[in-house]
Amino acid sequence: MTRPDGTPGLASGWLTRDLAPGAEVGMRIRTNRSFHGPDAATPLILIGNGTGLAGLRAHLKAREGQAHGGAWLMFGERTRAHDAFLDDELQAMQASGLLTRLDRVFSRDAGPNGEGGRYVQAVVAEQAETLRDWLSRGATLMVCGSLEGMSKGVHEALEAVVGVEALRDLTETGRYRRDVY
């Protein structure tokens with residue numbers, strides 16, 4: 001990953017520039033106790049970008065082979081040509097019914113009328129009525145990905161769609177969960 005000024009990110013710079021080929025890296029897996037998914041019967045709205053796909057995909061994989069209340073993924077990346085990660089897998093999840101709805105957007109691709117790319121917060125705003133319907137059926141919202149841009153924009157879009165108090169209530173009842181970094 002590169003920053004807007006072209007310099008590599010902290011981890012990607014270390015991995016691509018500083019780490020010697022073949023060197024060992026010690027790691028550990030930490031559980032995010034506040035980002036566990038709800039019961040499979042609960043409708044699930046997953047919103048994210050970039051590496052957030054890994055966290056969101058895990059929630060879908062956890063529902064494999066189970067009857068579930070529906071799963072909607074709104075996901076953004078930079079360009080379709082270079083960043084459509086796991087596209088075949090996501091399409092297969094949708095075809096199998098594991099993923100009920102899939103909305104992918106690409107921020108640096110031009111639209112059909114030459115307009116600029118789109119972000120996931122635009123999907124939230126455009127699909128306000130459908131999103132409110134899912135929430136009225138008890139859906140849990142889970143947001144995973146970039147703290148700097150995406151999560152703030154998605155949070156503001158959610159506030160506009162459901163209202164500040166309703167979003168606060170969703171947070172307090174565990175129906176709005178975030179894993180942003």
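The shown structure was predicted, so the numbers you read here are calculated from the model rather than taken from an experiment.
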Between [X] (side chain) and [Y] (backbone), is there a donor-acceptor pair under 3.5 Å?
X      : Y      : answer
Asp109 : Arg80  : yes
Arg175 : Ala139 : yes
Tyr119 : Phe106 : no
Thr100 : Ala71  : yes
Arg177 : Val143 : no
His59  : Phe35  : yes
His68  : Leu44  : no
Thr42  : Pro38  : no

Q: Could you go through the side-chain contact (heavy atoms from CB on, under 4.5 Å) check for Arg104 and Leu90 one step at a time?
A: CA-CA 10 Å; Arg104 292 193 81 168; Leu90 293 174; 3.6 Å; yes
Considering all heavy atoms of both residues, which atom of [X] and which atom of [Y] are nearest to each other, and what is their separation?
X      : Y      : value
Gly13  : Pro8   : CA-CB, 3.6 Å
Ala157 : Gln121 : CB-O, 3.7 Å
Val105 : Val120 : CG2-N, 3.6 Å
Ala40  : Ala67  : CB-O, 3.7 Å
Arg63  : Asp39  : NH2-O, 3.4 Å
Asn49  : Gly145 : OD1-CA, 3.5 Å

Q. Can you tell me if Gln127 and Arg132 form a side-chain donor-acceptor pair at under 3.5 Å?
A.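 Result is no, nothing qualifies.
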Q. Is it the case that Tyr181 and Thr51 place a side-chain donor and acceptor less than 3.5 Å from each other?
A.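 Tyr181 vs Thr51: donor-acceptor pair found between side chains.
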(Q) If the condition is side-chain hydrogen bond (donor to acceptor under 3.5 Å, both in side chains), which residues does Tyr176 pass it with, not counting sequence neighbours? (A)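 side-chain hydrogen bond (donor to acceptor under 3.5 Å, both in side chains) list for Tyr176, sorted by chain: His155.
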Q) Are Leu167 and Leu147 joined in one hydrophobic group, where the rule is that I, L, V, M, F, W and Y side chains link up if heavy atoms are under 4.5 Å apart? A)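 Yes, it is one cluster - the side chains of Leu167 and Leu147 are joined through contacts under 4.5 Å.
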Q) Is Arg108 paired with Glu77 through a side-chain N to carboxylate O contact shorter than 4.0 Å? A)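 Between Arg108 and Glu77 there is no salt bridge, as every charged N stays at least 4.0 Å from the carboxylate O atoms.
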Q. Just wondering, are more than 12 heavy atoms of other shown residues or ligands nearer than 6.0 Å to CD in Glu148?
A.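 Incorrect, the count does not exceed 12.
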